[in-house]
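Chain naming here is simple, since letters A, B, ... match the order of the sequence lines and numbering starts at 1 in each.
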Amino acid sequence: MHVVIVGAGEVGWYLAQRLGAEGNDIAVVEQNEIIAAAIAAELDVQVVVGNATEPSVLRAAGIERADLLAGVTQNDEVNLLASLLAKEFGVAQTVVRIQSEELRGPLGTKLLATMRADVVIDPDADTADEIMELAHVSGADEVYSMSNGELFVIGAVIGAGSPFVGHDLAEIGRSFEPNWRFLFGALTRDGETVIPRGDQVLQAGDHVRVLTTRDARREILELLGAATRRARRVMVLGGGAVGARVVEQLQREGATVVLVERDPDRAKRLSERLPRVTVVQGDITDTELLSEEAVSRMDLVIAATGDDASNVLACAYAAAEGDAFTVAVLHRLALLPLVRQFGIDAALSPRTASANAVLRHVRGGTASVATFLESDIEVNEFVIEAGSAADGLLVAELHLPHSVLLGAVTRQDGTAEIVRGRTRLRAGDNVVVFSRPDALGVTRRAFSA
Amino acid sequence: MTLASHRSGRVSWWGGRGERLLTPGRFPSIVANVVGLTLAVVGLGIVLAGLVDAIDGGPDVVVLVLTGVAIWAIGSVMWRVTIVPKQIRTLDVFMTVTLAWLAMAVAGAIPYLLTGQFTRVDDALFESISGFTTTGATVIADIEAASQGVLFWRSTTQWLGGMGVIVLVVAVLPTVGAGGMSLLSAEAPGPTDERLTPRVRETARRLWAVYLGLTVVLAGAYALAGMSLFDAVAHSFTTVSTGGFSPYQGSIGHFDSAVIEWICIVGMLLAGGSFTLYYRALKRDPKPLLRSTELKVYLLVVAAITLWAFVVSGNGGGQAAGFRDALFTTVSTVTTTGFVVTEYGLWSQTAQLLLLLALPIGAMAGSTAGGVKLVRVVAVASFAHREALRQLHPRLVRPVRIGNGVLPEDVARRVLGFLVLALAIIGGGAFVISATGPDMITSFSASATAFGNVGPGLGDLDHAGDFLAIPPVGRWVAMAQMLLGRLEIYPVILALSVVTLRLPQVVRGRRRPD
């Protein structure tokens, strides 16, 4: 597949990396020469320097044979125009990043249909959505909902008090017979992530991703020894696009919210828009301000400014002062291994949030996609097609490679269950699969006719 | 030939209005222009009262008609020799509104004097101001002895003052341009200067259309309920304007009819609501009306005072108040109308205290009611709430809100200033009135009822807005308070400051008057 990515910012860079790893041809169009040189040096992609609203530039990026164009610059107009041009060149699918909230509304839908954009993404909105998932399942550091919310992938660090510590997965599985309500999909220890097998022994401090049914998600967090508490008092640091969305959602859900915003004008506008939120003007790393606003008594602290260092510092201060669950938005993924040392409970990045949305579309048949910050393991959903290899087989008979783990199945009537070797698959079932990108092709073939 | 057409030499009296505006030779003066037109309207009103008197074969036909024609003629000439200048300054606007109201007050007093209703000038002026400001306080000892014409003129002054003569003038003026909206908001009750239409003249026309429509409906309802045509029209005039004048000593209580009282309650409640929102609701946009925080507060205040008066007074705290009596008196007070059906002076003290507190507050902004207006109270409450929160969160950023709506900071400050001034005026006025003799409750309620444009008060004022208990000096204070209350302080104060600051300069010949 030939993919043209317009804009080598955070999102574009990550997409190029991710799609390139799956063996696609990537061409990146970037206006800034320095950034263009940087991405050319780092990734195995074709880089075209120029403005993507000019057909000659797009042609240089091979738009005529492209299957997909992703317009992911910071500029809505450029993204829209690039998408429109791509359609003129016969590109089958386009993904457009739109930041204007009004364009994402009902009126915008019409415009976007006219512009023939297939998928609209907004990293800020996606990040805000992910933060809200974390707020709902507090104690988890990653939450992705799959199969229309019937299943969840929850990331958490195993606490010292967890009954799982010191046992291998086979033992744990036996203690929950006959029906499992959760399954370990990935495990990170010492910076290395694996898809665990039955003989894997769990230790305190392991970062696990557990696939669970909706009803069991709180129970599993308790079993993992992660603190769960409903977020009633929330402090949001930074009232940018992400922060404002999160606060709006929290306000709607009735939480008590304190919002700290540095820019006086922006603070004023937010205070007008959010009647039930306490808006405070000041710097988020001003510890005096944070303690004035009782950061120590918060259940949840979310740092969502555009500045990684401030986000980390503010969360570290909050973690030191109280026992709030802290969530930091990080733009540079290289910082990620460091943040836990500061007592930060969860970190997420706008680019992975958006990339998940794009990947979901690129995969075609898959309904949801989750990628993890620290590893290349992906979670995908597939529909089993009638006449495919998997149709009618037991899971054990599939003989999937070791880098693939079939986690759960959602039947056509909407019921979801964690699969066992004895689970029989049928056409129309929706399956959730943990895998490395290189095994994706094998997996897809097993489920397609 | 008028002066204007003589000067231009080619335009007829009735035709070519648009052209005539452009003709040279007319003095550019917004004050003279608007005051002239206002007087013309007042003159026509007096003529109408004369004609009503004629139907009854009354004694004042000739006097009223001649007075009316004379005032109309003077006003028309002033209007036609002047032109609204292209550039209008804010001070001109306040000057214009204040002078127009003073001119109206004086012109409106003339019929009372010439018909012999009053012999004292200050009594006539009091009655006139009380009428135009829709206060409804009176110094006529025996109302029913007055001629039909005089009584109809009393009601008409309230009707004209209710929606506002300036609003009417703006609706009639061919062009007022950019200054029109400020004229309108300088007179319209409440801090809303919302435009219904892009053109201010259309906005003014629509407001008057709703007002006129409500008047007609109410008059019809009164007539169906058994009032004579005269009574129905006179009472509908003073109900929609929240004025409260009645041709009878016993006010609405005179009719002793439950149906009439219910109609009056509904009429007063409607008149206490925002006419701007009514217009929108009539144009199938009822959301702003239904979602109005002020409306909720308005109905809540009415319900709370009614229930308190009903329950507490019924529990031996004083004479028992019937539910309808309690509701009528509350609505009449909160809407600043001032109709009376019962001797609320015999109610329990707490119920009377609530009425006293409600006197200067008034109903919704954009209504015909007087007083501070509930929206200002809501705004100041929000302001106070924010300042209290700021003690907890020193760096709090928070707007002043009316419900979910945001009040811009400068408007909030103006509202706070207004409330402080209003309290000072009510307090100061009460002091001066009490210095002239009346007891404390009477003085305070006289002050509050005058500023709130209600009419009746407590103590010695508890029957149908009778101000005979207040000595002449106190009445002058009340007159000033009625005007300050109706024009919402700022226009009057600014106009006064112009006079006091500039008049000496003009007298010394250093500057031309502005």
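Across A:E261, A:Q281, A:K268, the residue that shares the most heavy-atom pairs under 4.5 angstrom with chain B is A:Q281.
Partners of B:F418 by ring-ring contact (aromatic ring centres under 6.0 Å, His included), not counting sequence neighbours: none found.
With a 6.0 Å radius and a threshold of 12 heavy atoms from other residues, nucleotides or ligands, B:K287 has its NZ atom at or below the threshold. Atom CZ of B:R284 is surrounded by 12 or fewer heavy atoms from other residues, nucleotides or ligands within 6.0 Å. Annotation: B:Y490, atom OH; neighbour count of heavy atoms from other residues, nucleotides and ligands within 6.0 Å is above 12. Counting non-hydrogen atoms of other residues, nucleotides and ligands closer than 6.0 Å to CZ of B:R291 gives a total of 12 or fewer. Within a 6.0 Å radius of CG in B:D410, more than 12 heavy atoms belonging to other residues, nucleotides or ligands are found.
Within residues 394-401 of chain B, the residues having any heavy atom less than 4.5 Å from a heavy atom of chain A are, in residue-number order, B:P394, B:R395, B:L396, B:V397, B:R398, B:P399, B:R401.
Rounding to the nearest 0.5 Å gives a distance of 10.5 Å between CG of B:L407 and CD of A:E272.
For A:L259, no part lies near chain B; criterion is any non-hydrogen pair under 4.5 Å.
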